[in-house]
There are 2 protein chains.
Amino acid sequence: MNDASAGVQSVDRALTILEVLARVGEAGVTEIAGELGVHKSTAFRLVATLESHRLVEQTTDRGRYRLGVGVLRLAGATTARLDLVQEARPVCRQLAADSGETVNIAVLSESSALYLDQVAGSSALQPHNWVGQHIPLHATSNGKVLLSGLDDKRVTEVLGTLSRYTPMTITTKAKLRAELEDVRERGYAVAVDELEEGLTAVAAPIRNAHGDVIASMSVSGPTFRLPDPRVEEVLPLLLTAAEEVSHRLGWGHR
Amino acid sequence: MNDASAGVQSVDRALTILEVLARVGEAGVTEIAGELGVHKSTAFRLVATLESHRLVEQTTDRGRYRLGVGVLRLAGATTARLDLVQEARPVCRQLAADSGETVNIAVLSESSALYLDQVAGSSALQPHNWVGQHIPLHATSNGKVLLSGLDDKRVTEVLGTLSRYTPMTITTKAKLRAELEDVRERGYAVAVDELEEGLTAVAAPIRNAHGDVIASMSVSGPTFRLPDPRVEEVLPLLLTAAEEVSHRLGWGHR
DNA sequence: AGAAACTGTTTCGATCAGCGCAACACTGAT
DNA sequence: ATCAGTGTTGCGCTGATCGAAACAGTTTCT
């Protein structure tokens, strides 16, 4: 049922209560006691202590308990320290090392993708630095991932005209919409020679605690170095990296 | 500094550690032990237990500790269960999309405004995550709206000294009272440069089935992007959004 | 280099905090 | 009125928890 390696049991039980409440939403003292395998009174005292720190509060009607605003307060302090770039950087470094290619982090910003961070791959020729640049959404893997997090209505709002950059660029909204559907289904996006000939990129979503797509992480490099089979190799690395960052930002189960 | 009525001391100390970390961001075992007035080893064991639940994590470089992702996971569960946030979130999203600015939900908590949720606007960088923070009531549009829902007697109880943050901050109770009267009449509140220079916000009340003001919804952004005429444009969007949430909470049907 | 002064971590025995028990107050249903 | 629930509280016993001291590393000073 529980991990044997606890530490301070009393604290361990209290924290387990928080997890139980997170799972079931609301619970009474008796129910909690049952879940922990301890006596009612024990559960009560633990809950009372949690309550004194406002981590739980009891509903007015019937003495049941739920998570309280103290949690949000802690979360506020957490996100202040755990911002996207700071959390993503070590993961990006690892991914860049493992794949040997350049890794980028981008967010949606005013109808384009804004590149927030970049970690160069191990290769000799350095790509140019995208950080701070606004890049069209429809012609990049990052852009497609970011768009895939929006509903159709917002996609329409955000998209202007789909400029052509190469013969491979997607320029019709219908085709783009179909592509976005694929991205949502597969959980990643690929762009080969769509923005620039000879440039291949693959991107995956980064989600926050609510499950919203708040950013995109990509691996990119010259097309000759990233042919289809190589992309297939890199993909699982990218996906686990993006998921790792999502988890750090609170994207838990359920 | 500490409340004498603790409950389970072991748990109380552990939770205090979380609060300390929320305040200072990062701390070592020794520092934490000093703050609690306990021995190093005690602090260590408590921290280790918190770590096993991922509520704190250890920075790689130097063995210091900070709040971890477990907090965010709990926060996600908390907002999911608070009916207010759950009902408000889609409306906030829409409002953020329509206005392009950041939308917040705040409630009254312990003589200050507690920010429960935030949806970032389409602008480039995330402004500042207010969620979980306690903000002074007299210097924010949200605060004024929340105060406007109280009668004069309760306003007096809740208000302490009105600290000055900028030259625009309202610092006399008489002036604030007059402002609150205006807010009640108009049904919204504005704050330009009152908490922070260059920050403009406009807020409207969210009411429950009884008509009480239970929360406040705001649109905020840099003053240069929200001059008077722009505020006038955003206002109707905000008012209908706030009313929509109020309706979802049961306000309106007799 | 070496020592001193810091870290965080581990071990261990004494002790007091925290546990289970049982009684309590209360609500709603039978 | 009785029962079956709830959350809450006082009280002794006991083992989980605490603090001291030793350990294993860094960084800093001499």
Side-chain angles (χ1 to χ4, degrees), chain A residues 1-68 70 81 90, chain B residues 1-21 23-68 70 81:
Chain A
M1 187 199 296
N2 261 349
D3 38 0
S5 62
V8 181
Q9 287 78 355
S10 175
V11 174
D12 187 58
R13 286 169 171 176
L15 302 183
T16 305
I17 289 177
L18 292 179
E19 285 164 7
V20 168
L21 288 177
R23 195 174 65 241
V24 304
E26 254 185 41
V29 166
T30 311
E31 191 180 343
I32 292 171
E35 195 93 25
L36 297 194
V38 299
H39 197 262
K40 268 201 310 182
S41 63
T42 304
F44 172 75
R45 263 174 281 112
L46 294 172
V47 168
T49 307
L50 290 169
E51 191 183 15
S52 79
H53 287 255
R54 313 214 51 184
L55 291 180
V56 307
E57 50 194 32
Q58 58 182 339
T59 64
T60 51
D61 63 310
R62 195 77 177 141
R64 296 165 72 78
Y65 290 90
R66 68 166 83 159
L67 292 176
R81 316 281 168 192
Chain B
M1 183 193 273
N2 260 349
D3 36 5
S5 63
V8 180
Q9 288 79 354
S10 174
V11 174
D12 188 56
R13 286 169 170 175
L15 301 184
T16 304
I17 289 177
L18 293 179
E19 286 164 6
V20 168
L21 288 177
R23 196 173 65 240
V24 305
E26 255 185 41
V29 165
T30 310
E31 191 180 343
I32 292 171
E35 195 93 25
L36 297 193
V38 300
H39 198 262
K40 270 199 312 182
S41 63
T42 304
F44 171 74
R45 262 175 282 111
L46 294 172
V47 168
T49 307
L50 290 169
E51 191 183 16
S52 79
H53 286 254
R54 312 212 54 184
L55 291 180
V56 307
E57 51 193 34
Q58 176 162 39
T59 63
T60 49
D61 62 311
R62 191 91 173 117
R64 297 163 71 79
Y65 289 91
R66 69 171 131 176
L67 292 177
R81 297 296 167 182

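None of these values were measured; they are calculated from a predicted model. Computed over heavy atoms, backbone and side chain alike; hydrogens, waters and symmetry mates excluded. A, B, ... follow the sequence lines: proteins, then strands. Residue 1 opens every chain.
Distance, A/Glu26 CD to D/dG7 P: 11 Å, rounded to whole Å. Atom CD1 of A/Ile32 is separated from atom P of D/dG7 by 8 Å (rounded to the nearest Å). Regarding A/Phe44, its CZ atom lies at a distance of 13 Å from the P atom of C/dC19, rounded to whole Å. Rounded to whole angstrom, the span from the CG atom of A/Leu46 across to the P atom of C/dA17 amounts to 16 Å.
The side chain of B/Thr42 contributes an N or O atom lying less than 4.0 Å from OP1 or OP2 of D/dG19. OP1 or OP2 of C/dT9 has at least one side-chain nitrogen or oxygen of B/Gln58 nearer than 4.0 Å. Put simply, A/Arg13 has a side-chain N or O that comes within less than 4.0 Å of OP1 or OP2 on C/dC19. A sub-4.0 Å separation between OP1 or OP2 of C/dT9 and a side-chain N or O of B/Tyr65 is present. The phosphate of C/dG8 (OP1 or OP2) has no side-chain N or O of B/Arg64 nearer than 4.0 angstrom. An OP1 or OP2 oxygen of C/dC6 is reached within less than 4.0 angstrom by no side-chain nitrogen or oxygen of B/Thr30.
A donor-acceptor contact shorter than 3.5 Å links the side chain of A/His39 to the backbone of A/Ser41. B/Thr49 contributes a side-chain N or O that, together with a main-chain N or O of A/Val8, makes up a donor-acceptor pair within less than 3.5 Å.
Nearest-nucleotide positions on DNA chain C place B/Ala27 closer to the 5' end than the other of B/Ala27 and B/Arg45.
Nearest heavy-atom pair across B/Tyr65 and B/Val56 is CD2-CG2, 4.1 Å. The minimum heavy-atom distance linking A/Ala43 with A/Ile17 is given by the pair O-CD1, 4.3 Å. Minimum heavy-atom separation, B/Arg13 to B/Leu46: CB-CD1, 3.7 Å.
Closest to the B/His39 side chain, of the nucleotides D/dC18, C/dG20, D/dA21, is D/dA21. Nearest to the side chain of A/Ser10, among D/dT9, C/dT9, C/dC19, sits C/dC19.
A/Arg64 places none of its side-chain heavy atoms less than 4.5 Å from the side chain of A/Gln58. Residues B/Val24 and B/Glu35 have side chains not in contact (no heavy-atom distance under 4.5 Å, counting atoms from C-beta outward).
A donor and an acceptor atom sit less than 3.5 Å apart, one in the side chain of B/Ser41 and one in the base of D/dA20. A donor and an acceptor atom sit less than 3.5 Å apart, one in the side chain of B/Lys40 and one in the base of C/dG8.
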**Study point:** Watson-Crick or G-U pairs under 3.5 Å in DNA chain D, rendered as dot-bracket with [ ] for crossing pairs and | for another strand
**Key:** .|||||||||||||||||||||||||||||
